[in-house]
*Asks:* 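I am attaching a structure below and will ask some questions about it afterwards.
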Amino acid sequence: MYTQTVALRDVSCHAYHGFYPEEQLIGGIFMVDVEVTFTPSNDTENLAKTVNYEVLNHIVLQEMKQTQKLLETVVKNMLTAVKESYPFILTAKVGIRKMNPPMPGQIGHSFVELSYNAL
């Protein structure tokens with residue numbers, strides 16, 4: 001049996017997620033990764049029988065526009081939307097990196113990830 005992976009890596013978004021009011025006012029740069037696996041169809045040229053990464057990108061961009069206090073909420077909303085769009089997926093993973101989070105020290109990014117496994 002084959003398992004196919006479709007993914008987007010490093011989708012860059014300026015968004016206003018954050019627990020503190022100033023984060024929701026100023027915003028910041030976030031990098032999003034989405035990865036899904038599924039059993040591929042024999043009809044490999046039919047876009048309707050696969051996961052379209054343009055749809056994944058649309059989900060990411062729409063959810064990044066909806067300001068949330070916690071990235072945990074954002075990844076859950078994205079993962080729910082992916083599952084609703086593609087009920088045949090076997091696994092899915094969504095991760096968000098908040099670049100240079102506003103806290104003491106030099107931090108490259110914070111990271112939140114959520115996974116789904118139908119198996």
Side-chain angles (χ1 to χ4, degrees):
M1 176 171 90
Y2 292 106
T3 300
Q4 185 163 341
T5 301
V6 172
L8 293 176
R9 301 272 186 247
D10 298 329
V11 179
S12 180
C13 303
H14 185 270
Y16 298 90
H17 307 302
F19 184 78
Y20 299 103
E22 57 271 16
E23 292 178 286
Q24 293 185 9
L25 183 65
I26 298 168
I29 301 297
F30 297 82
M31 303 296 279
V32 180
D33 297 329
V34 180
E35 179 178 300
V36 301
T37 65
F38 56 97
T39 302
S41 165
N42 288 332
D43 188 1
T44 59
E45 290 294 310
N46 187 343
L47 191 57
K49 296 195 176 190
T50 189
V51 173
N52 183 342
Y53 52 78
E54 288 178 298
V55 172
L56 297 180
N57 188 56
H58 177 74
I59 290 169
V60 168
L61 297 178
Q62 286 303 114
E63 291 301 329
M64 292 304 286
K65 289 179 185 177
Q66 307 301 316
T67 299
Q68 303 291 343
K69 287 185 178 181
L70 298 179
L71 294 180
E72 288 84 342
T73 304
V74 182
V75 294
K76 183 179 180 208
N77 291 347
M78 285 182 190
L79 197 52
T80 298
V82 169
K83 286 174 41 188
E84 288 173 356
S85 298
Y86 298 106
F88 58 85
I89 60 174
L90 301 173
T91 67
K93 186 171 18 178
V94 176
I96 299 179
R97 294 184 307 279
K98 185 177 205 172
M99 308 309 289
N100 307 110
M103 61 180 76
Q106 293 182 335
I107 301 168
H109 67 267
S110 57
F111 183 71
V112 174
E113 182 176 85
L114 185 63
S115 300
Y116 164 78
N117 190 333
L119 304 173

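Basis for what follows: all heavy atoms, side chains included, without hydrogens, waters or symmetry-related copies.
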*Asks:* Could you walk me through whether Met64 and His17 pass the side-chain contact (heavy atoms from CB on, under 4.5 Å) test, one step at a time?
*Replies:* CA-CA 8 Å; Met64 292 304 286; His17 307 302; 3.7 Å; yes
*Asks:* State whether the number of non-hydrogen atoms from other residues, nucleotides or ligands found under 6.0 Å of His58 atom NE2 is greater than 12.
*Replies:* no
*Asks:* Quick one: are Val75 and Leu79 in side-chain contact, heavy atoms under 4.5 Å?
*Replies:* no
*Asks:* Less than 4.0 Å between a side-chain N and a carboxylate O, is that true for Lys98 and Glu23?
*Replies:* yes
*Asks:* Report the hydrophobic cluster partners of Ile29, with the cluster defined as I, L, V, M, F, W, Y residues connected by side-chain heavy atoms closer than 4.5 angstrom, directly or transitively.
*Replies:* Met31, Met99
*Asks:* How far does CG of Asn42 sit from OH of Tyr2, to the nearest 0.5 angstrom?
*Replies:* 9.5 Å
*Asks:* When you look at CG of Asp43, are more than 12 heavy atoms from neighbouring residues, nucleotides or ligands closer to it than 6.0 Å?
*Replies:* yes
*Asks:* With respect to Val60, which candidate in Ile96, Val74, Val55, Val32 satisfies the side chain to side chain contact (heavy atoms under 4.5 Å, CB included) definition?
*Replies:* Val32
*Asks:* For Glu22, look at atom CD and say whether over 12 heavy atoms of other residues, nucleotides or ligands are found less than 6.0 Å away.
*Replies:* yes
*Asks:* Check whether any side-chain N or O of Tyr116 sits under 3.5 Å from a backbone N or O of Val94 as a donor-acceptor pair, and report yes or no.
*Replies:* no
*Asks:* Indicate whether any N or O donor in one side chain lies under 3.5 Å from an N or O acceptor in the other, for Thr91 and Thr37.
*Replies:* yes
*Asks:* Quickly, which of Tyr86, Phe88, Phe38 forms a side chain to side chain contact (heavy atoms under 4.5 Å, CB included) with Thr50? Name it, please.
*Replies:* Phe38
*Asks:* Nearest heavy-atom pair of Lys83 and Ile89: which atoms, and what distance?
*Replies:* CG-CD1, 4.0 Å
*Asks:* Between Gln24 (side chain only) and Tyr16 (backbone N and O only), is there a donor and an acceptor less than 3.5 Å apart?
*Replies:* no
*Asks:* So does Phe111 have more than 12 non-hydrogen atoms from other groups sitting under 6.0 Å from CZ?
*Replies:* yes
*Asks:* Is the backbone of Asp10 close enough, under 3.5 Å, to the side chain of Asp33 for a donor and an acceptor to pair up by distance?
*Replies:* yes
*Asks:* Find out if a path of hydrophobic residues (ILVMFWY) with successive side-chain heavy-atom gaps under 4.5 Å connects Val51 to Leu90.
*Replies:* no
*Asks:* Should Leu71 and Phe30 be marked as a side-chain contact (heavy atoms from CB on, under 4.5 Å) after you check the CA-CA gap, both sets of side-chain angles, and the distance that decides it?
*Replies:* CA-CA 10 Å; Leu71 294 180; Phe30 297 82; 3.7 Å; yes
*Asks:* Can you tell whether the side chains of Arg9 and Glu35 come within less than 4.0 Å, N to carboxylate O?
*Replies:* yes
*Asks:* Could you go through Thr39 and Gln4, starting from their C-alpha distance and side-chain angles, then the distance that decides it, and tell me whether this counts as side-chain contact (heavy atoms from CB on, under 4.5 Å)?
*Replies:* CA-CA 6 Å; Thr39 302; Gln4 185 163 341; over 6 Å; no
*Asks:* Rounded to the nearest 0.5 Å, what separation is found between the CD1 atom of Ile59 and the CD atom of Glu84?
*Replies:* 9.0 Å
*Asks:* Between atom CG of Leu8 and atom CG of Leu56, what is the distance when rounded to the nearest 0.5 Å?
*Replies:* 5.5 Å
*Asks:* Nearest 0.5 Å, what's the CZ-CD distance between Arg97 and Glu113?
*Replies:* 10.0 Å
*Asks:* Are Leu70 and Gln68 side-chain neighbours, meaning at least one heavy-atom pair lies under 4.5 Å?
*Replies:* no
*Asks:* Taking the cut-offs as 6.0 angstrom to the six-membered ring centre and 45 degrees off its axis, would you call Lys69 and Phe19 a cation-pi pair?
*Replies:* yes
*Asks:* Say whether Ile107 and Ile26 are linked into one hydrophobic cluster, either directly or through other cluster members, by side-chain heavy-atom distances under 4.5 angstrom.
*Replies:* no
